[in-house]
Amino acid sequence: MERYDPHAIEAKWQQRWQEERAFEVANDLEGEKSYVLEMLPYPSGTLHMGHMLVYTIGDVVTHFRRRNGMRVLHPQGFDSFGLPAENAALNAGGHPREITERNIRHIRASMRRIGWAIDWSRELTTHSPEYYRWTQWLFLKLYEQGLAYRKGAPVKWCPNDQTVVANEQVQDGRCERCGAEVVARTMEQWFFRITDYAQALLDDLETLDWPESIKARQRNWIGRSDGAEVAFRIDELGEDVPVFTTRADTLFGATFFVLAPEHELVERLAERSKHGDEIRAYVARTAAKKTADRAAAEEKTGVFTGFHAVNPVNGERIPVYVADYVLTDYGTGAIMAVPAHDERDFAFARAFDLPVRQVVRPRDGEVDEGTPYVAHGDDEVLVNSGDYDGLAAPEGARRIVEALEAQGLGRFAVNYRLRDWGWSRQRYWGCPIPIVYCDACGTVPVPDEDLPVPLPEVDDYRPKGEPPLAQAEDWVRVACPRCGGPASRETETMDTFVDSSWYFLRYCDPRNEEAPWRREVVDYWNPIDLYIGGVDHATMHMIYARFFVKVLNDLGLVGFREPFRRFFSNGWVTLGKTKMSKRAGNVVGPDDFVERYGADAARLNILFLGPADQNMEWTETSVQAMARFVGRFWRVVNEVAERAPRGEEAGGSLARKAHATIAKVTDDIGRRFAFNTAIAAVMELTNELARDPEAADARFAAETAVSLIQPYAPHVAEELWERLGHERLWEQPWPQADESQLVRDTFQLVVQVNGKLRDRVEVAADLSEDELVATAKASERVQAHLDGKEIRQAIVVPRKLVNLVVG
RNA sequence: GCCGGGGUGGCGAAACUGGCAGUCGCGCCCGACUUAAAAUCGGGUGUCCCGCGAGGGGCGUGAGGGUUCGAGUCCCUCCCCCGGCACCA
């Protein structure tokens, strides 16, 4: 028998598939389709085991669905613009384009070497002008709709380095790099109005077949809360300031009022206040603080403004403070403070010696005055609340808001935690924004026919305060598309999440030069039937893509409202119980293992480690074990091919086992996504086959095993299929389990006494319940445990067990 | 704090619908082949107790309770681990 040589076998079949374009699929738009997609990689290095996992899952499903008669779209590409790729280039010390394209070549070669069934004719890279032309085009569509806009947003600025620094790069209010005190600055940034779609993004989660944990994360991220907006009048100004509250039941307990330091009113108050300097100093101090540090602050800080707000429910004047525990970008940036029923307000009241007034208490029971009482269900009632005293808290809240509404001082309101998506970056390696600024015409979109706006070459692409594109002066200077006068281009670039918010649509029609896609094509393939990827993209990318699709649907560009009908979230691959990552320095790549043990063993291994949606610990011994299994599989099947009789499949125990394995593997891959147990089932079949390779039904069992392992180990399966005298396994229909073979005429009856296993008896399948009980009683082992006691009851589970209850 | 996922042999895990706990694999032990080792192949392997042995019995799925003829699985209380969000009013 020939030795198993994975390299020769894998090269042979990969060449064959490439020649035959075996995994390319045409846009016939006919028949049952399945779009199977894994999240595309950042070409920031080489493949690691996480990639091995996610792409092998997709590959198994692709083969399975193809062989079940579906037209399967399974493309691949590279998320090659943006920070991940650019940072990799900066580390490598080369031009981002060169480094990125080198990484792509390497990864593409690895992917081909692993033998994934990818339609390479549809490959895309987000940094190619053919792609980003349409990213720009889509931006312009959103811009036309008013869904893309520019606004000032607070950023941290280092006056020494003359650069914006990320929140994560500020430590104790100082620049991480040079130690200078950072200051807050408002800078113009581009945003998408994703908040317009907050409710739709929330509602439509119900229609998706996603893991509950992932839906929960998105709900959490969107963060809907129901409450009321209530107007408080600043007494000295005569101006109404709205607050958002979820606790209208506590309005009578408001004892002070707080504005976020960034609230637009604060500067105006400072101008008129005798505490003006104090207020400005406080605002400057808090602005420089990292958001996380503000949140982590043990002591509440703030400053009295000298102004007062009037509580609309009782006309009471309460002092107005500025304090950084109130966030500027949630609700209205101002709150009514109810220290008796809110932890944060309570802490502030303690620190500033402000009154605490109890207005909600349990119907029965005592309240500890030393801590805020936050419960507010139907078991809580209002007190100190005028006409509302005695009402249950939810009812009281409703009545109070209704009364305010009647006076025009409040209304029921909904708030979301979700913020508009800020996506412009002062970096080089990203999609240019097709906008021109003209002194005469203002902000002018670049006309479609002038797309793409190319990414210019610059001398120094490293990040600095000014966008690197500003150096490309000839590129920046441009005639205004509207008036022809002197104008300049937008020099910021898009975040990579913009590129990845629509790539799955481009795969459907990747070479279209007239449009981003043809609608009938995307409508045929989409929504994606199975999307596979890591949980780390469960919020950002997967919310942004959902937003894009909803907008595109509203624009009539696509006929569906959700991109990912089903999502499978793969686990992490860990080494030493730590997620494999560059940062942890524990990355193991598949290249090495494919080289040493072959692609089939590496593919089987990653899916055999454990359930694919849970984290799994990588060990070198496990891939060796898989190499051993493949070798054993090779020997056993070859032996059958050489020695087992040909002819009709006989209905012996091997054939029965084969049919049972078909049923198990089909269910495991098709319904349960339990890839590990499907492999175990084929191993069992192989073990039985090895015991009797010359049996009359050995050939059928071997063919079945080869056919079932094909999605996991397509190369060795194809080679063995050929040795069994057949061809083109990748196109063969998936085997069907013969139900009649699954039904046996005897079965093993489990006999319990008082629920404890006492015996197993092989019995005929057609015995009646009485006969089963009689058989159970007849067992010697059972008799020993009956101990002469009376049988009070006999539980019979047909075709399974008899439980004799004695007492 | 809120939300989500977990806890089963020495290890990764299986048990899908309440019905034989531990499939499959790793590791380990014994044996075959070998001058020897590696590789490969065969057998064994939850744990404790009784028995020279064949065998028999008890215990066992994070802890405690409950429902049930029967619970890893369902219910209640609690502990621990991992992840997400978090001064979100």
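- The same atom, C1', is picked in B:G18 and in B:U73; the two are 7 Å apart, to the nearest Å.
- Residue-environment remark: CD (A:Glu762) exceeds the threshold of 12 foreign heavy atoms within 6.0 Å.
- Ranking B:A89, B:U23, B:C87 by closeness to the A:Thr245 side chain, first place goes to B:A89.
- Looking at A:Lys300, its side chain comes within 3.5 Å of the base of B:C87 through a donor and an acceptor atom.
- Within 4.0 Å of A:Pro211, counting heavy atoms only, lies no atom of the nucleic acid at all.
- No side-chain heavy atom of A:Thr245 sits under 4.5 Å from any side-chain heavy atom of A:Ile335.
- The separation of B:C26 from B:G9, taken at their C1' atoms, amounts to 13 Å, rounded to a whole angstrom.
- For A:Glu299 and B:C87, the CD to C1' distance is 14 Å, given to the nearest whole Å.
- Backbone-only contact: A:Leu609 has heavy atoms under 4.0 Å from sugar-phosphate atoms and none from a base.
- Nucleic acid contact class of A:Ser225 (heavy atoms, under 4.0 Å, all strands): sugar-phosphate only.
- The minimum heavy-atom distance linking A:Pro355 with A:Pro339 is given by the pair O-CG, 3.4 Å.
- Comparing B:G19, B:C20, B:G4 against the side chain of A:Gln748 picks out B:C20 as the nearest.
- Residues of residues 621-633 of chain A that place a heavy atom closer than 4.0 Å to RNA chain B, in numerical order, are A:Thr621, A:Ala625, A:Arg628, A:Arg632.
- Taking the six-membered ring for Trp and thresholds of 30 and 60 degrees, A:His541 and A:Phe497 have nearly parallel ring planes, at less than 30 degrees apart.
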List, with names and distances, any nitrogen or oxygen atoms from the protein found under 3.5 Å away from nitrogen or oxygen atoms belonging to nucleotides 56-58 of chain B.
residue: B:G56; atom: OP1; partner: A:Arg781; partner atom: NH1; Å: 2.7
residue: B:G56; atom: OP1; partner: A:Arg781; partner atom: NH2; Å: 3.1
residue: B:G57; atom: OP1; partner: A:His785; partner atom: NE2; Å: 2.7
residue: B:G58; atom: OP1; partner: A:Arg758; partner atom: NH2; Å: 3.2
residue: B:G58; atom: OP2; partner: A:Arg758; partner atom: NH1; Å: 3.3

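- Between the side chains of A:Ser569 and A:Asp613, no donor-acceptor pair is found at a separation under 3.5 Å.
- Remark: aromatic rings of A:Phe352 and A:Phe256 are distant, center separation not under 6.0 Å.
- Between A:Thr328 and A:Glu684, it is A:Glu684 whose nearest contact on RNA chain B lies nearer the 5' terminus.
- Taking the charged nitrogens against the carboxylate oxygens, A:Asp249 and A:Arg247 do have a contact shorter than 4.0 Å, which makes a salt bridge.
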Nucleotide N/O of nucleotides 81-84 of chain B paired with protein N/O under 3.5 Å:
residue: B:G83; atom: O2'; partner: A:Arg217; partner atom: NH2; Å: 2.9
residue: B:G84; atom: N2; partner: A:Asn220; partner atom: ND2; Å: 3.1

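- Note on A:Asp345: nothing from the nucleic acid sits closer than 4.0 angstrom, heavy atoms only.
- Side-chain atoms of A:Gln358 do not come within 3.5 Å of backbone N or O of A:Ala340 as any donor-acceptor pair.
- Taking the P atom of each, B:C29 and B:U34 are spaced 22 Å apart, rounded to whole Å.
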ring-ring contact (aromatic ring centres under 6.0 Å, His included) between A:Trp634 and A:Phe629: does it pass, once the steps are laid out? CA-CA 8 Å; A:Trp634 170 264; A:Phe629 167 69; over 10 Å; no
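- The pair A:Glu688-A:Arg656 fails the salt-bridge criterion, with no side-chain N (NZ, NE, NH1 or NH2) lying under 4.0 Å from an Asp/Glu carboxylate O.
- Taking the six-membered ring where tryptophan is involved, the planes of A:Phe232 and A:Phe257 are tilted, since the angle between them lies from 30° to 60°.
- Taking the side chain as every heavy atom from C-beta outward, A:Arg398 and A:Phe412 approach each other to under 4.5 Å.
- Rounded to whole Å, atom P of B:C26 lies 8 Å from atom CZ of A:Phe608.
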Candidate pair A:Phe191 and A:Trp421, rule ring-ring contact (aromatic ring centres under 6.0 Å, His included), full reasoning: CA-CA 5 Å; A:Phe191 289 85; A:Trp421 167 18; over 10 Å; no
Do any N or O atoms of the protein come closer than 3.5 Å to N or O atoms of nucleotides 66-73 of chain B, and which pairs are they?
residue: B:C69; atom: O2'; partner: A:Asn803; partner atom: ND2; Å: 3.4
residue: B:C69; atom: O2; partner: A:Asn803; partner atom: ND2; Å: 2.5

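- Rounded to whole angstrom, the span from the CE atom of A:Met616 across to the P atom of B:C26 amounts to 18 Å.
- Anti is the classification of B:G22, since its glycosidic angle lies more than 90° from 0.
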Audit row: A:Glu206, A:Arg219, salt bridge (Lys or Arg N to Asp or Glu O under 4.0 Å) steps and yes/no: CA-CA 11 Å; A:Glu206 300 308 316; A:Arg219 279 191 207 105; 3.6 Å; yes
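- Between the P atoms of B:A13 and B:G19, the separation comes to 23 Å (whole Å).
- Nearest nucleotide to the side chain of A:Pro611, out of B:A89, B:G25, B:A13: B:A13.
- Residues A:Glu212 and A:Met683 each lie close to RNA chain B; by heavy-atom proximity, the contact nearer the 5' end of the strand is made by A:Glu212.
- Considering A:Val763, A:Val751, A:Val782 as possible partners of A:Thr775, the one that fulfils the side chain to side chain contact (heavy atoms under 4.5 Å, CB included) test is A:Val763.
- B:G62 and B:G57 are spaced 26 Å apart, taking the P atom of each and rounding to whole Å.
- Between the side chains of A:Ser779 and A:Asp759, at least one donor N or O sits under 3.5 Å from an acceptor N or O.
- The side chain of A:Arg417 sits closest to B:C85 out of B:C24, B:A89, B:C85.
- A:Arg635 comes within contact range of the sugar-phosphate backbone alone, with a heavy-atom separation under 4.0 Å but no base atom that close.
- The number of heavy-atom neighbours closer than 6.0 Å to CD of A:Glu212, taken from other residues, nucleotides and ligands shown, is above 12.
- For RNA chain B, the residues of residues 668-676 of chain A within the heavy-atom distance limit of 4.0 Å (strictly under) are A:Arg671, A:Arg672, A:Asn676, sorted by number.
- Relative to the six-membered ring of A:Tyr325, A:Lys300 meets both conditions, a distance below 6.0 Å and an angle of at most 45° to the axis.
- Where RNA chain B pairs in unbroken runs of 3 or more (Watson-Crick or G-U, both distances under 3.5 Å), the stems are B:1-7 with B:79-85, B:10-12 with B:24-26, B:27-32 with B:40-45, B:46-50 with B:55-59, B:62-66 with B:74-78.
- Only the P atoms considered, B:C74 is 12 Å distant from B:G5, to the nearest whole Å.
- When A:Val258, A:Thr301, A:Thr305 are each tested for a side chain to side chain contact (heavy atoms under 4.5 Å, CB included) with A:Val322, only one passes: A:Thr305.
- The same atom, P, is picked in B:G72 and in B:C80; the two are 24 Å apart, to the nearest Å.
- Using cut-offs of 30° and 60° for the angle between ring planes, the A:Tyr321 and A:Phe304 rings count as tilted.
- Taking the ring axis of A:Trp210 as reference, the NZ or CZ atom of A:Arg566 does not stay both within 45° of it and closer than 6.0 Å to the ring centre.
- In this model, the phosphate group of B:A89 is not approached by any side-chain N or O of A:Tyr325 to a distance below 4.0 Å at OP1 or OP2.
- The same atom, C1', is picked in B:A14 and in B:G46; the two are 14 Å apart, to the nearest Å.
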